[in-house]
Amino acid sequence: MSAYEKLNRASCALLVVDLQEKLLSAMPDTPQLLAANEKLLRSAAVLGLTILATEQYPAGLGPTHPSIRQLLPEAPVAKMRFSAFISPVEATLRQQRRSQVLLCGVETHVCVQQTALDLLAAGIQPWVIADAVQSRRGEDRQMALKRMRQAGALITTWESAIYELLGEAGTDEFKRILKIVK
């Protein structure tokens with residue numbers, strides 16, 4: 001794994017971490033966060049990426065936001081651990097031989113960060129989608145992005161990641177994604 005490695009569709013999955021209504025209600029700029037995640041999910045579907053999602057203690061924190069839930073191919077996996085790198089997620093990534101994971105969700109300094117660190121420890125490269133993660137406090141988000149980068153996670157934006165996975169213009173996929181971007 002290196003910072004020079006490009007994203008590869010055959011090796012990549014998207015992991016949506018805890019985009020639940022009650023958590024989102026505490027986040028700044030929730031409309032922007034939802035919009036970035038929705039575009040990321042729509043684009044990942046066009047590219048045929050494996051899409052996984054988790055919910056932190058759904059009995060207390062409620063379900064995934066409806067605008068996100070409708071874009072998920074399968075129901076989110078419930079968890080109590082902060083890290084989303086839990087058994088069902090790990091099993092899917094290993095079975096499908098995914099060595100790159102796009103990470104989005106909340107909170108950046110808790111569940112997203114612990115997931116990134118666990119992925120790194122397991123030899124899987126996390127790509128943290130900076131405009132699709134959020135924390136209640138900006139300082140927590142910024143420190144978490146710095147720590148994850150120092151640990152070896154790659155930090156990018158949803159549009160940059162999707163265009164890297166797309167690789168070229170002029171295809172049917174490009175045209176479909178262009179509509180999402182605009």
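Remember, it's a predicted structure, so these values are computed and weren't measured experimentally.
Residues satisfying the salt bridge (Lys or Arg N to Asp or Glu O under 4.0 Å) criterion with Asp140, sequence neighbours excluded, are Arg137. Among residues two or more places apart in sequence or in another chain, the salt bridge (Lys or Arg N to Asp or Glu O under 4.0 Å) test is passed with Asp131 by none.
Note that CG of Leu178 is 13.5 Å distant from CD1 of Ile162, once rounded to the nearest 0.5 Å. Atom CG of residue Asn37 and atom CG of residue Leu19 lie 4.5 Å apart, to the nearest 0.5 angstrom. Leu40 CG to Thr157 OG1: the interatomic distance, rounded to the nearest 0.5 Å, is 10.0 Å. Once rounded to the nearest 0.5 Å, the distance linking CG of Leu52 with CG of Leu14 reads 8.0 Å. A distance of 11.0 Å separates OG in Ser11 from CD1 in Ile124, rounded to the nearest 0.5 Å. The OG atom of Ser67 sits 8.0 Å away from the CG atom of Leu24 when rounded to the nearest 0.5 Å.
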**Q.** Pair Glu107-Gln134, side-chain contact (heavy atoms from CB on, under 4.5 Å): steps then yes or no
**A.** CA-CA 6 Å; Glu107 282 194 72; Gln134 190 58 271; over 6 Å; no
Q. Yes or no on side-chain contact (heavy atoms from CB on, under 4.5 Å) for Val17 and Val106, after CA distance, side-chain angles and deciding distance?
A. CA-CA 6 Å; Val17 180; Val106 297; over 6 Å; no
Q.
What verdict does the side-chain contact (heavy atoms from CB on, under 4.5 Å) test give for Thr115 and Val101, after you've listed the backbone C-alpha separation in whole Å, the side-chain angles of each residue and the deciding distance to 0.1 Å?
A. CA-CA 10 Å; Thr115 303; Val101 174; over 6 Å; no
Q | Verdict with supporting geometry, Leu15 and Leu93, side-chain contact (heavy atoms from CB on, under 4.5 Å) | A | CA-CA 10 Å; Leu15 179 52; Leu93 294 174; 5.6 Å; no
What pairs of donor and acceptor atoms, side-chain ones from residues 74-85 against any protein atom, are under 3.5 angstrom apart with sequence neighbours left out?
from: Lys79; atom 1: NZ; to: Asp18; atom 2: OD2; distance (Å): 3.0
from: Lys79; atom 1: NZ; to: Gln56; atom 2: OE1; distance (Å): 2.5
from: Lys79; atom 1: NZ; to: Arg81; atom 2: O; distance (Å): 3.0
from: Lys79; atom 1: NZ; to: Phe82; atom 2: O; distance (Å): 2.8
from: Arg81; atom 1: NH1; to: Phe85; atom 2: O; distance (Å): 3.3
from: Arg81; atom 1: NH2; to: Asp118; atom 2: OD2; distance (Å): 3.1
from: Ser83; atom 1: OG; to: Phe85; atom 2: N; distance (Å): 3.1
from: Ser83; atom 1: OG; to: Asp118; atom 2: OD2; distance (Å): 2.7

Review item, side-chain donor-acceptor pairs of residues 141-154, under 3.5 Å, at least two apart:
from: Arg141; atom 1: NE; to: Val133; atom 2: O; distance (Å): 3.2
from: Arg141; atom 1: NH2; to: Ala130; atom 2: O; distance (Å): 2.3

Please set out all donor-acceptor pairs under 3.5 angstrom arising from side-chain atoms of residues 164-173, sequence neighbours excluded.
from: Glu164; atom 1: OE2; to: Leu7; atom 2: N; distance (Å): 2.7
from: Thr171; atom 1: OG1; to: Phe174; atom 2: N; distance (Å): 3.0
from: Glu173; atom 1: OE1; to: Arg9; atom 2: NH1; distance (Å): 2.9
from: Glu173; atom 1: OE1; to: Arg9; atom 2: NH2; distance (Å): 2.9
from: Glu173; atom 1: OE2; to: Arg9; atom 2: NH1; distance (Å): 2.9

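For residues 33-62, there are no salt bridge (Lys or Arg N to Asp or Glu O under 4.0 Å) pairs, not counting sequence neighbours.
Here the side chains of Gln32 and Met27 are not in contact, with every heavy-atom distance at 4.5 Å or above. Residues Leu102 and Thr156 are not in side-chain contact: their nearest non-hydrogen atoms beyond the backbone lie 4.5 Å or more apart. Within the 4.5 Å cutoff, no side-chain heavy atoms of Glu159 are placed close to those of Ser43.
None of Gln125, Glu5, Lys6 except one satisfies the side-chain hydrogen bond (donor to acceptor under 3.5 Å, both in side chains) rule with Gln100; the exception is Glu5.
Cluster annotation: Val110 is not connected to Tyr57 through the hydrophobic network of ILVMFWY side chains, with a link wherever side-chain heavy atoms come within less than 4.5 Å.
In terms of modelled atom types and a separation under 3.5 Å, the side chain of Arg98 and the main chain of Ala10 share a donor-acceptor contact. Of the possible polar contacts, none joining the Thr30 side chain to the Ser25 backbone as a donor-acceptor pair under 3.5 Å is found.
The two atoms that bring Ala132 and Leu33 nearest to each other are C-CD1, 3.5 Å, heavy atoms only. Pairing each heavy atom of Cys12 with each of Leu49, the nearest pair is O-CD2, 3.8 Å. Contact detail for Ala45 and Ile51: the closest heavy-atom pair is N-CD1, 4.1 Å.
More than 12 heavy-atom neighbours from other residues, nucleotides or ligands sit within 6.0 angstrom of CD on Gln70.
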